[in-house]
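The structure under discussion appears below in the form of structure tokens.
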Amino acid sequence: MITKEHNEFTTSDGVKLHFLVKGKGQPIVIIPGWSQTAEQYRGQLEGLCEKYQVFVIDMRGHGQSEKVNFGYRIARFSKDLHEFLITRSLKNVILIGHSIGACVSWSYWDLFGKEYLAKMIFVDQPVMMVANPGWSSSEIENFGALATASSAMDIVDSVQTGKENFKLVTLNRMLSENVSPADKQSLLHSSYLLPSEQSARLLYSFFFQDWRDVIPRIDLPCLIICGRASTTSISSQQWLHQQIKGSQLIIFEEDEGGKHFMFYENPIKFNHIVDTFIQGV
């Protein structure tokens, strides 16, 4: 049994990953978004730990995990997740993926299927990030693409040089005005714990993935959570909902913290939704 909140495990390629854990019961495993950390899920650790055992992983290079110079690809992250579940002997897992964490979840499904999983929750992530030039406007909306191939590479290059303020600008767009300057600064600081070069490598893998053939094959109970005022289009979340048979879709309105970090801005509502979904109420 785990008796301390801060822990680490070592992957098969020798990387020490930090994770937080609290509570006991059915396991919930949370994968944070790009360049973000386990610490931002304090609301879930504290709010769900009375009924569940809540794990939040700092993926390689993130937060307090080891800053290695390899493995910054979605597939490797899903392999790390698989090894984590095996190492901790976790079964019947509720897997929550926010943003890029949802992509890690989809990659996990693609590689390992439903092994060790009970239900999956995807938070505010479209099926594709980069648009095909031949797509219609409705296809772009449905698939949720936020960039062209050219603009995506411009972003990757600027992040790699470290001469840009992409993380600052992006974070400001993804948080509501209700988030205090101190909290915004804390989230921004945590994002810089992932070094620029590794940030860029992971961002490239994040941008240039197509999950459209994976999504319809998911046959576990799934919940999709998104924000009305998020940069992720509602239509892209509705598309996911339509593709996954029996899935549920919950939309946070703007006055409920309904942007990209709704779990951070409104943890009480978020936790209630997660608990209700798990219990099947």
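Model, not experiment: these values are computed from the prediction.
- The minimum heavy-atom distance linking Ala131 with Ala145 is given by the pair N-CB, 3.5 Å.
- No donor-acceptor distance shorter than 3.5 angstrom exists from the side chain of Gln26 to the backbone of Gln53, with no hydrogens or angles considered.
- For the atom pair Phe206 CZ and Ile100 CD1, the distance stands at 5.0 Å (nearest 0.5 Å).
- Looking at Glu256 and Lys269, a side-chain N of the basic residue comes within less than 4.0 Å of a carboxylate O on the acidic one, giving a salt bridge.
- For the pair Ser158 (side chain) and Asp154 (backbone), a donor-acceptor distance under 3.5 Å is present.
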Criterion side chain to side chain contact (heavy atoms under 4.5 Å, CB included) on Ile121 and Leu95, from CA distance to verdict: CA-CA 6 Å; Ile121 300 175; Leu95 182 60; over 6 Å; no

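- For Ser78 (side chain) and Ala75 (main-chain N/O), a donor-acceptor pair under 3.5 Å exists by modelled atom type.
- Interatomic distance, Tyr264 OH to Lys259 NZ, rounded to the nearest 0.5 Å: 15.0 Å.
- The closest donor-acceptor contact from the side chain of Thr276 to the backbone of His272 lies under 3.5 Å.
- In this structure, Arg88 is not positioned above the aromatic face of Phe9 in the sense of NZ or CZ being under 6.0 Å from the six-membered ring centre and within 45° of the axis.
- No side-chain N or O of Tyr116 forms a donor-acceptor pair with one of Asn92 less than 3.5 Å apart.
- Heavy-atom contacts from other residues, nucleotides or ligands closer than 6.0 Å to NZ of Lys91 number 12 or fewer.
- Annotation: side chain of Trp135 is in contact with side chain of Met128 (closest heavy-atom distance under 4.5 Å).
- Ring pair Trp106/Phe122 is perpendicular by interplanar angle, where above 60° counts as perpendicular and below 30° as parallel.
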Side chain to side chain contact (heavy atoms under 4.5 Å, CB included) between Ile96 and Val29: does it pass, once the steps are laid out? CA-CA 6 Å; Ile96 302 178; Val29 177; over 6 Å; no

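- Nearest heavy atoms, Ile218 versus Ile244: O-CG2, 3.9 Å.
- The closest donor-acceptor contact from the side chain of Asp58 to the backbone of Thr37 lies at 3.5 Å or more, if one exists at all.
- If you check the side chains of Ser99 and His260, you find a donor sitting under 3.5 Å from an acceptor.
- A distance of 10.0 Å separates CD1 of Ile30 from CD1 of Ile57, quoted to the nearest 0.5 Å.
- Checking Thr148 against Ser150 by side-chain atom types alone, no donor-acceptor pair falls below 3.5 Å.
- A donor-acceptor pair under 3.5 Å links the side-chain atoms of Arg201 to the main chain of Asn69, judged by distance alone.
- Counting only N and O atoms by type, the side chains of Asn178 and Glu265 include no donor and acceptor under 3.5 Å apart.
- Looking at Glu253 and Arg228, a side-chain N of the basic residue comes within less than 4.0 Å of a carboxylate O on the acidic one, giving a salt bridge.
- The aromatic rings of Tyr41 and Phe263 sit parallel, their planes meeting at an angle under 30°, below the 60° perpendicular limit.
- For the pair Arg217 (side chain) and Asp213 (backbone), a donor-acceptor distance under 3.5 Å is present.
- Between Asp219 and Lys245, none of the side-chain N atoms (NZ, or NE/NH1/NH2) sits under 4.0 Å from a carboxylate O, so this pair counts as no salt bridge.
- A donor-acceptor pair under 3.5 Å is formed between the side chain of Ser105 and the backbone N or O of Gly101.
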Kindly indicate, with the supporting measurements, whether the criterion ring pair (Phe, Tyr, Trp, His ring centres under 6.0 Å) is fulfilled by Phe55 and Phe84. CA-CA 10 Å; Phe55 298 84; Phe84 174 78; 5.7 Å; yes

What's the verdict on side-chain hydrogen bond (donor to acceptor under 3.5 Å, both in side chains) for Ser190 and Gln40, showing C-alpha distance, side-chain angles and the deciding distance? CA-CA 9 Å; Ser190 70; Gln40 68 183 229; 4.7 Å; no

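- Cation-pi geometry between Lys24 and Tyr52 is not met: the NZ or CZ atom fails to fall both under 6.0 Å from the ring centre and inside 45° of the normal.
- Put simply, the side chain of Tyr72 does not reach to within 4.5 Å of the side chain of Ser199, judged on heavy atoms.
- Going from atom CG of Leu240 over to atom SG of Cys226 covers 9.0 Å, rounded to the nearest 0.5 Å.
- To the nearest 0.5 Å, atoms CD (Gln160) and CD (Glu197) are separated by 5.5 Å.
- With hydrogens and angles disregarded, a donor-acceptor distance shorter than 3.5 Å links the side chain of Lys119 to the backbone of Phe277.
- Under the 3.5 Å distance criterion, with hydrogens and angles disregarded, a donor-acceptor pair is assigned to the side chains of His82 and Glu115.
- Trp239 places a side-chain heavy atom less than 4.5 Å from the side chain of Arg212.
- Counting heavy atoms from C-beta on, the side chains of Ile273 and Phe252 come closer than 4.5 Å.
- In this structure, Gly71 and Arg60 approach most closely via the heavy-atom pair O-CD, 3.3 Å.
- Note that CG of Asp13 and CZ of Phe70 are 5.0 Å apart. Values are rounded to the nearest 0.5 Å.
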Kindly indicate, with the supporting measurements, whether the criterion side chain to side chain contact (heavy atoms under 4.5 Å, CB included) is fulfilled by Ser65 and Lys16. CA-CA 6 Å; Ser65 288; Lys16 293 180 180 179; over 6 Å; no

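- Residues Trp34 and Leu193 are members of separate hydrophobic clusters, defined by side-chain heavy-atom contacts under 4.5 angstrom among Ile, Leu, Val, Met, Phe, Trp and Tyr.
- The neighbour count for Glu50 CD, taken as heavy atoms of other residues, nucleotides or ligands under 6.0 Å away, does not exceed 12.
- Using modelled atom types, one side-chain atom of His62 and one backbone atom of Ser35 make a donor-acceptor pair closer than 3.5 Å.
- Counting only N and O atoms by type, the side chains of Glu141 and Ser236 include no donor and acceptor under 3.5 Å apart.
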Test side chain to side chain contact (heavy atoms under 4.5 Å, CB included) on Glu5 and Val21; report intermediate values, then the result. CA-CA 5 Å; Glu5 189 174 271; Val21 59; 5.7 Å; no

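- Nearest approach of Asn271 to Gly47, heavy atoms of both residues: ND2-CA, 3.6 Å.
- Of all the heavy atoms in Val54 and Gln44, the pair that sits closest is CG2-O, 4.1 Å.
- In this structure, a donor-acceptor pair under 3.5 Å is absent between the side chains of Thr11 and Glu83.
- In this structure, Trp109 and Met120 have side chains that are in contact, with non-hydrogen atoms separated by less than 4.5 Å.
- For the pair Val156 and Phe207, the tightest heavy-atom approach, listed with the atom from each and the gap, is CG2-CD1, 3.8 Å.
- Proximity of the aromatic rings of Phe261 and His98 is defined here by a centroid distance below 6.0 angstrom, and this criterion is met.
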